Amino acid sequence: MLKHKVAGLFEEPACASNRAKSESEKKKGCAARQLVPGAAAGGCAFDGAMIALQPITDAAHLVHGPIACSGNSWDNRHAASSGPLLYRIGLTTDLSDLDVIHGGEKKLFKAIREVIERHDPPAVFVYQTCVPGLIGDDIETVCRHAALRFGKPVIPVNAPGFVGGKNLGNRLGGEALLDHVIGSVEPDDAGPCDINILGEYNLAGELWQVKPLFERLGIRVRACITGDARYADVAAAHRARANMMVCSQALISLARKMEERWGIPYFEGSFYGISDTSDALRAMAGLLVRQGASSDLLVLAEDLIAAEEERAWERLAPFRERLRGKRVLLYTGGVKSWSVVSALQEVGMVVVGTSVRKSTEADKERVRSVMGEDANMFDAIPPREMYRMLKDGEADIMLSGGRTQFIALKARVPWLDINQERHYAYAGYDGMVELVRRIDLELASPVWAAIRQPAPWEN
Amino acid sequence: MARIVHSGKACSTNPLKHSAPLGGALAFMGLDGCMPLLHGSQGCTAFALVLMVRHYRESIPLQTTAMNEVTTVLGGLDNLEQALVNIRERAHPKVIGILTTGLTETRGEDFPGDLRIIRERRPELADTALVLASTPDFSGGLQEGWGKAVTAMIHQLVEAPALGRDPEQVNVLAPSHFTPGDVEEVKDIVEAFGLRPVMLPDLSLSLDGHVPERWVGATLGGTSLEDIRGMGRSILTLTVGEHMRWAAEALKRKTGVPYRLFDGLTGLRASDALISALAEASGRPVPERLRRQRSRLVDAMLDGHFAFSGRRAAVAAEPDHLLALGSWLAEMGVGMTAAITTVHLPMLARVPADEVVVGDLGDLEARAGGCDLLLTHAHGRQASERLGIPLFRVGFPIFDRLGAAHQVGVGYRGTCRLIFEIANILTERSETHAAPAAR
């Protein structure tokens with residue numbers, strides 16, 4: 001059954017990379033690059049499912065597996081909550097060797113009971129992992145029984161690590177929402193300007209940089225799936241009038257199926273960069289008007305965009321002088337590279353290279369249109385080569401994720417975190433200003449001059 | 001004698017424990033030119049790696065055999081072979097430390113047999129030492145994985161001595177709860193007696209946070225293979241914690257080197273025991289420098305005991321770390337209201353508390369009410385916030401404070417530091433909560 005689910009996700013017709021593939025390529029699935037033993041990096045499907053669902057802040061998230069899966073990973077992200085904190089509690093069946101011999105289903109059932117008795121959450125998400133998957137623990141049946149017995153939604157998330165990578169796990173998380181959650185609660189307050197945002201996890205509070213923009217247009221974010229989400233809001237998400245899908249392909253199947261099932265149209269957009277934020281607001285207003293909202297919304301949106309863009313450029317102006325000509329190496333998978341590229345160029349920085357590891361052909365085309373035909377696009381840079389580039393001074397600053405942080409720092413080159421462990425929020429107009437401010441601060445730090453100086457006795 | 005009880009829950013709430021393969025990988029981080037390899041799904045490696053990166057703030061060399069559903073069912077020989085060959089080609093390590101995981105152990109393969117086949121098929125691996133440790137996730141935690149990895153290193157790398165003993169060489173088997181700073185402190189103490197310590201593993205050369213002048217794909221430093229092979233020439237092995245007994249025993253059986261096992265090296269009495277053992281082994285008087293350090297610790301205890309007396313602490317740590325910390329707290333007059341640990345072991349009876357609970361940070365939180373201080377790893381921050389009790393971060397991981405690798409908590413100097421830091425926390429607390437109404 002899981003096999004069928006995975007195969008179905010690989011055939012996703014709405015996915016741009018998929019459409020570009022031949023029939024035989026499609027069969028191989030989109031583990032994109034087959035993992036190479038001894039040269040692989042990245043999280044597993046379970047990790048991906050947790051990323052997609054754990055930001056539902058008032059739900060309990062119970063990991064069925066040995067200690068590695070939860071013990072090594074709980075409370076490790078900065079998906080922020082404006083209220084409940086239950087999602088930050090690490091819950092696991094911590095399977096022992098005896099459980100592996102006897103099977104873990106009874107222990108799981110007991111664990112669900114304990115969680116409900118102790119925390120009384122609106123729902124419990126139960127995550128399958130490799131070891132119980134291998135010994136045949138049937139979490140779907142256990143969850144069904146528990147839901148009946150305790151009168152609460154208990155949702156199986158069948159994404160054990162060995163089925164694939166993080167991206168597949170994101171999708172399987174989305175499937176769990178479709179199968180068990182979305183549409184299970186009827187809201188009594190549905191309005192013509194209700195929307196959902198898919199694939200935004202409120203890392204470092206980024207949702208809060210864009211939500212007010214929508215609110216100023218009278219648009220209500222019914223559910224963010226799943227940043228700062230409440231279970232009941234996600235359950236009622238099928239009554240929204242439009243969906244925006246952020247973070248490219250991860251939840252595209254969810255978006256398409258919501259359109260099929262409940263007639264909610266969607267568009268892909270991004271909140272990174274000034275023009276992208278404007279495009280997203282514009283697209284959302286247009287979609288809502290087509291769905292029956294008053295056409296005044298279009299005018300309102302254009303007014304807001306004009307005012308916000310002006311305000312953002314005003315705040316960026318002082319940085320232009322300081323950042324002109326500074327060379328940036330952009331190395332990231334998640335953030336849509338081209339939208340950040342164009343924003344950095346706007347303040348006069350030179351993007352010497354950008355990674356397009358997880359980008360579609362269309363994305364790459366956009367990068368070329370922004371950076372020119374000889375755009376320096378990387379798939380993956382081996383660490384040794386990245387170190388050499390930085391050590392040789394080919395960039396003034398690298399923007400990347402935690403994995404490559406110490407390559408830059410050990411090469412004594414300024415670095416800024418723009419991945420999921422980041423502590424600062426870079427979304428929307430305010431976020432772009434913040435990103436540029438952080439780049440400026442990092443480049444201007446007096447430590448660089450001090451630490452690049454060799455010890456006095458080494459001359 | 002502490003009673004050892006289990007929390008009896010089916011659901012671990014806010015886990016204290018980390019996985020055995022993570023502990024094993026950490027031990028291999030202390031070998032020079034090493035690449036640890038988890039034989040499991042890519043996620044096993046990713047989670048362990050991210051946690052180590054956050055704690056040490058260093059690049060962490062750690063690879064995966066990238067097992068998937070199909071290879072798990074069919075057997076992981078091919079993935080293991082490919083991984084070893086790829087690592088050999090890309091990173092040129094001197095040693096590859098292979099740790100099994102829950103995934104590969106559930107199927108239960110003949111891993112040593114696999115390695116023999118790979119050795120035969122792949123002559124290009126001839127110049128790479130391969131060490132295999134069996135560390136299923138569902139058995140034990142970080143300290144057990146560390147102990148198993150060090151035992152495997154001894155079994156598979158140490159040579160029986162041909163040249164007799166070196167009267168100035170001493171082995172030190174570092175336990176899992178020693179920071180790179182602790183390791184360096186112990187080496188320093190041993191060297192003060194004119195002895196040459198062979199430290200296994202030696203994190204002070206790899207994860208001490210320094211800036212090398214070139215890119216290194218494997219570990220930045222650590223115990224050399226040559227030193228490990230020659231451990232049989234030492235006159236004595238020193239080690240700390242019951243989880244290191246198997247490793248010390250294995251070394252003794254293989255080479256005849258006797259060992260001394262300490263419960264901990266934190267506190268006056270514990271440090272005295274180490275110093276006496278070294279004086280005896282070296283036949284030298286205790287150096288003036290160490291006598292002075294001892295005197296300073298005595299003074300620190302005099303100054304600090306006012307802040308400690310009558311205080312209550314709640315401690316959650318792996319068994320041997322718990323015993324070491326608890327014994328030192330008892331020496332300072334602090335009682336343990338709650339003592340929480342990860343696995344059930346007979347040695348826990350020696351922990352100076354009425355009861356030791358095999359449980360998690362949820363158990364710590366439930367039992368810590370009314371305490372003056374929490375001692376556990378950084379995940380204790382949630383409990384600390386909710387209870388309003390300050391947290392002193394110890395062990396692994398510490399991802400929300402800088403300098404975890406440099407904290408020293410052993411020997412006279414390390415104990416002094418602990419006394420000052422904790423006394424300051426307790427004093428600040430009693431000053432800010434001085435009004436009787438608020439207490």
Side-chain angles (χ1 to χ4, degrees), chain A residues 35-47 62 65-76 88-97 99-100 107-108 110-115 118 130-131 134-135 160-165 382-384 387-388 402-403 405-407 410 412 421, chain B residues 9-22 37 40-51 53-54 57-59 63-69 72-73 79-80 82-87 90 101-103 106-107 136-139 141 211-212 215 217 360-362 379 382 399:
Chain A
L35 291 174
V36 182
C44 61
F46 157 68
D47 192 5
L62 170 60
I67 196 65
C69 309
S70 173
N72 294 355
S73 76
W74 67 284
D75 199 15
N76 66 346
R88 281 186 62 199
I89 304 256
L91 300 166
T92 176
T93 47
D94 183 10
L95 295 178
S96 69
D97 32 15
D99 300 319
V100 173
K107 191 174 193 182
L108 175 59
K110 235 182 112 193
I112 295 168
R113 180 210 304 266
E114 285 174 14
V115 168
R118 191 174 158 73
C130 298
V131 169
L134 208 56
I135 62 173
F162 59 30
V163 300
R384 190 183 299 273
Y387 179 80
R388 187 206 57 76
R403 257 169 203 288
Q405 170 176 8
F406 298 100
I407 300 177
K410 299 288 179 187
R412 304 179 203 234
E421 291 97 11
Chain B
K9 296 179 298 188
C11 181
S12 173
T13 304
N14 292 343
L16 170 66
K17 191 165 61 173
H18 295 90
S19 75
L22 189 156
L37 168 68
S41 126
Q42 60 169 338
C44 306
T45 291
F47 284 141
L49 187 139
V50 167
L51 207 54
V53 167
R54 292 174 72 205
R57 294 170 203 263
E58 291 290 317
S59 283
Q63 261 303 335
T64 172
T65 56
M67 296 288 286
N68 60 37
E69 203 169 2
T72 302
V73 174
N79 278 52
L80 183 57
Q82 267 189 57
L84 293 172
V85 169
N86 282 333
I87 291 170
R90 285 164 189 247
T101 62
L103 181 63
T106 299
R107 184 175 182 273
D137 296 290
F138 40 76
S139 179
V211 185
W215 177 254
D360 48 46
L361 295 177
H379 277 306
Q382 286 191 35
F399 45 72

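Computed from a predicted model, the values in this text were never measured in an experiment. Per chain, numbering begins at 1; letters A, B, ... match sequence-line order. The basis for the numbers below is simple: all heavy atoms, side chains too, and nothing from hydrogens, waters or symmetry mates.
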Most contacts with chain B, counted as non-hydrogen pairs under 4.5 angstrom, among A/G90, A/A111, A/C44, A/P37: A/P37
Value rounded to 0.5 Å, distance of CG in A/N72 from CG in B/L22: 5.0 Å
Closest contact, heavy atoms only, B/R90 versus A/A39: CZ-CB, 3.5 Å
Among A/T93, A/I89, A/L62, A/V131, residue most engaged with chain B (heavy-atom pairs, under 4.5 Å): A/I89
side-chain hydrogen bond (donor to acceptor under 3.5 Å, both in side chains) involving A/R113 - partner list, sequence neighbours excluded: none
Approximate separation, where rounding is to 0.5 Å, of B/D137 CG and A/C69 SG: 6.5 Å
Proximal component of B/L103, with respect to chain A [non-hydrogen, under 4.5 Å]: both
Interatomic distance, A/I135 atom CD1 to B/R107 atom CZ [nearest 0.5 angstrom]: 15.5 Å
Distance-minimising heavy-atom pair for B/E69 and A/V163: OE1-CG1, 3.6 Å
Pick from A/K107, A/R384, A/R118, A/K110 with the largest number of heavy-atom pairs that fall under 4.5 Å of chain B: A/R384
Rounded distance (nearest 0.5 Å) linking atom CZ of A/F406 with atom CZ of B/R57: 7.0 Å
Between B/H379, B/K17, B/E58, the one whose heavy-atom pairs under 4.5 Å with chain A are most numerous: B/H379
Region of A/D94 in contact with chain B, defined by heavy-atom distances below 4.5 Å: side chain
Considering all heavy atoms, the nearest A/I407-B/S59 contact: N-OG, 4.2 Å
Separation of A/L35 CG from B/T64 OG1 (nearest 0.5 Å): 8.0 Å
Close side-chain approach of B/F47 and A/F46, heavy atoms under 4.5 Å: yes
Exam field: side chain A/E114 to backbone B/C11, donor-acceptor pair closer than 3.5 Å: yes
Under 4.5 Å from any heavy atom of chain A - which part of B/L49: side chain
B/P15 side chain reached by A/I67 side chain, heavy atoms, under 4.5 Å: yes
Segment of B/S19 engaging chain A (4.5 angstrom heavy-atom cut-off): both
Which atom of A/G38 lies closest to which atom of B/I87, heavy atoms considered: O-CG1, 3.6 Å
Between A/V100, A/D99, A/D75, the one whose heavy-atom pairs under 4.5 Å with chain B are most numerous: A/D75
Segment of B/Q382 engaging chain A (4.5 angstrom heavy-atom cut-off): side chain
Engaged part of B/L361 at the chain A interface, taking heavy atoms whose separation is under 4.5 Å: side chain
Parallel, tilted or perpendicular: rings of B/W215 and A/Y387 (30°, 60°): tilted
Where B/F138 and A/L95 come nearest, the two heavy atoms and their spacing: CB-O, 3.2 Å
Part of B/P212 lying under 4.5 Å from any heavy atom of chain A: both
Side-chain touch A/L134/B/T72, heavy atoms, less than 4.5 angstrom: yes
